[in-house]
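Working notes, beginning with the structure itself.
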Amino acid sequence: MKLTFLGTGDMFSVEQHHNSMLAEFGDTHLVIDFPESNAKALKEYGFAMTGVHNVFITHLHEDHINGVQMLGYYAQIVGDRKPRLFIHEELVEPLWSILSPGMRYTTDGERTMSDYYDVVPLPDGGSFELGGVTFETFRTQHVPGMISNGLMAKPYFYYSADSTLDRERVEQIAPDVQLIFHECHMHDLVIKSHTSLKDLEQLPAEVRQKTVLMHYHDEYADAEKRAAFNRAHPDDLRMAGTLESFDLGNRE
Ligand SMILES: Nc1ccn([C@@H]2O[C@H](COP(=O)(O)O)[C@@H](O)[C@H]2O)c(=O)n1
């Protein structure tokens, strides 16, 4: 399995792409979230937008979904098939409410969500299978009252999505995965909906060793700043960069 960050930035990032990851495995793939910056990132990486067939949506903050309209149109106008959207069942209608002002009316008449996407609604804690890999979803602790999901694909990776640190869950799953991708805002302050570096530093060494940081602010769009951070953390908590790939090999 090859994992490539299409973006590692937070909500306010303008110097790097918003957080999203492409997982390629077997003869298929999954893109986690679809910010508008993915169009540029995919081009830079060399993966055609028309080749995007599977997308998982973690939650509905704009920086995670503001490329979904473009993807739907692009797949229909330039491509030849609808992308599958894996999404919590309670987010389907709210997502269409966001998309419909720009997608409902077309020159060929009115359209619904299912004209653009093959929607796969997932129950709380639901899972789905692609290319022989099982992806398990779980609720994250992002904003109270708001549905937000993380993703886990054993024995490959854990993806926190947007979340405060769910220490119990992370420590429990750590032995089952090769890498833990965790959001980290990297500000020297407390943000109630996100995880700080101080939080992650509390994890046991064997968990920190597997942990890769994503979804941070633009100061770390600078590769040298990230390199300096990684040099200071030779054995743990390394920062990923946009378009950086991680090869996890085959299932053992
Ligand atoms: N500097 C920041 C950035 C974001 N927030 C809060 O995070 C939520 C949005 O999360 P994104 O993953 O979309 O970045 C939202 O609740 C913001 O209020 C913040 O408090 N400070």
Side-chain angles (χ1 to χ4, degrees), residues 3-23 30-38 40-42 45 55-68 88 91 137-144 146-153 156-167 169-170 173 177 179-203 207-208 210-223 225-227 229-230 233 236-246:
L3 304 169
T4 303
F5 276 99
L6 300 177
T8 46
D10 67 9
M11 177 179 239
F12 300 140
S13 293
V14 291
E15 292 172 27
Q16 54 176 331
H17 303 318
H18 294 301
N19 208 78
S20 174
M21 193 170 80
L22 166 67
L30 179 70
V31 182
I32 304 177
D33 286 329
F34 213 88
E36 50 80 29
S37 51
N38 273 11
K40 187 163 185 228
L42 286 164
Y45 177 59
V55 175
F56 173 68
I57 300 294
T58 62
H59 69 296
L60 301 187
H61 275 139
E62 204 227 357
D63 52 317
H64 296 261
I65 52 156
N66 59 11
V68 175
H88 191 286
L91 295 182
T137 71
F138 54 90
R139 289 286 281 271
T140 73
Q141 305 167 347
H142 188 28
V143 177
M146 178 185 187
I147 292 174
S148 176
N149 278 306
L151 200 63
M152 181 163 52
Y156 301 108
F157 69 87
Y158 171 93
Y159 188 93
S160 71
D162 284 16
S163 184
T164 52
L165 178 60
D166 187 344
R167 185 171 173 163
R169 187 190 295 278
V170 171
I173 59 83
V177 293
L179 287 178
I180 295 164
F181 296 104
H182 209 289
E183 70 124 286
C184 185
H185 59 69
M186 296 300 285
H187 289 288
D188 204 10
L189 46 85
V190 174
I191 299 180
K192 286 195 282 184
S193 51
H194 292 287
T195 301
S196 69
L197 183 58
K198 278 201 180 88
D199 295 330
L200 294 174
E201 284 171 344
Q202 307 302 315
L203 290 168
V207 179
R208 293 198 315 270
K210 297 183 171 190
T211 302
V212 177
L213 312 187
M214 61 181 187
H215 198 289
Y216 45 78
H217 69 86
D218 266 353
E219 187 183 330
Y220 290 92
D222 179 349
K225 280 260 166 65
R226 289 196 306 279
F229 178 91
N230 290 339
H233 296 78
D236 66 353
L237 299 181
R238 60 173 306 244
M239 295 187 82
T242 293
L243 295 184
E244 182 172 353
S245 293
F246 296 80

task: Indicate the ring-plane relationship of His217 and His187, choosing parallel, tilted or perpendicular according to the 30° and 60° boundaries.
output: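 Aromatic pair His217/His187 classed parallel.
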Minimum heavy-atom separation for [X] to [Y], with atom names?
X      : Y      : value
Ala41  : Leu6   : CB-O, 3.2 Å
Ser160 : Met214 : OG-CE, 3.7 Å
Arg226 : Tyr220 : NH1-O, 2.8 Å
Leu189 : Ser196 : O-CB, 4.5 Å
Ser20  : Pro35  : CB-CD, 3.8 Å
Leu91  : His59  : CD1-CA, 4.1 Å

- prompt: Taking Glu183 for the side chain and Ser163 for the main chain, is one N or O donor matched with an acceptor at less than 3.5 Å?
  reply: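 Yes, because the side chain of Glu183 sits within donor-acceptor range (under 3.5 Å) of the backbone of Ser163.
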message: For Glu219, is there any backbone N or O sitting under 3.5 Å from a side-chain donor or acceptor partner on Asp222?
response: no
Looking at [atom1] of [X] and [atom2] of [Y], how far apart are the two atoms once the value is rounded to the nearest 0.5 Å?
X      : Y      : atom1 : atom2 : answer
Asp63  : Met11  : CG    : CE    : 5.0 Å
His18  : Phe12  : NE2   : CZ    : 10.0 Å
Asp33  : Leu60  : CG    : CG    : 9.5 Å
Leu200 : Met186 : CG    : CE    : 9.5 Å
Thr140 : Asp166 : OG1   : CG    : 8.5 Å
Tyr159 : Met21  : OH    : CE    : 6.0 Å

Can you check whether [X] reaches [Y] side chain to side chain, under 4.5 Å on heavy atoms?
X      : Y      : value
His88  : Arg139 : yes
Val143 : Asp162 : no
Thr164 : Asp199 : no
Ile180 : Leu203 : no
Leu42  : His17  : no
Leu213 : Phe229 : yes
Leu30  : Leu151 : yes
Val14  : Asp218 : yes

Is the distance between the ring centroids of [X] and [Y] under 6.0 Å?
X      : Y      : answer
Phe246 : Phe157 : no
His61  : His142 : yes
Tyr158 : Phe138 : yes

Verdict with supporting geometry, Thr195 and His182, side chain to side chain contact (heavy atoms under 4.5 Å, CB included): CA-CA 8 Å; Thr195 301; His182 209 289; 3.2 Å; yes
message: Here's a test for you: under side chain to side chain contact (heavy atoms under 4.5 Å, CB included), which of Ile32, Ile57, Thr58 qualifies with His64?
response: Thr58
message: For a side chain to side chain contact (heavy atoms under 4.5 Å, CB included) check, start with the C-alpha distance between Phe5 and Thr242, then their side-chain angles and the critical distance, and finish with the verdict.
response: CA-CA 5 Å; Phe5 276 99; Thr242 293; 5.5 Å; no
query: So Tyr156 and Leu3, side chain to side chain contact (heavy atoms under 4.5 Å, CB included) or not? Walk me through it.
result: CA-CA 10 Å; Tyr156 301 108; Leu3 304 169; 5.7 Å; no
- request: For side chain to side chain contact (heavy atoms under 4.5 Å, CB included), just list the numbers for Met239 and Asn230, CA-CA rounded to whole Å, side-chain angles, deciding distance to a tenth of an Å, and then say yes or no.
  value: CA-CA 7 Å; Met239 295 187 82; Asn230 290 339; 3.9 Å; yes
All pairs passing salt bridge (Lys or Arg N to Asp or Glu O under 4.0 Å) where residues 9-23 contributes a residue, at least two apart: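 Listed by first then second residue: nothing to list.
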- prompt: Is the closest basic N to carboxylate O distance between Arg238 and Glu244 below 4.0 Å?
  reply: yes
task: Verify the neighbour count for atom CD of Glu62: are there more than 12 heavy atoms of other residues, nucleotides or ligands below 6.0 Å?
output: no
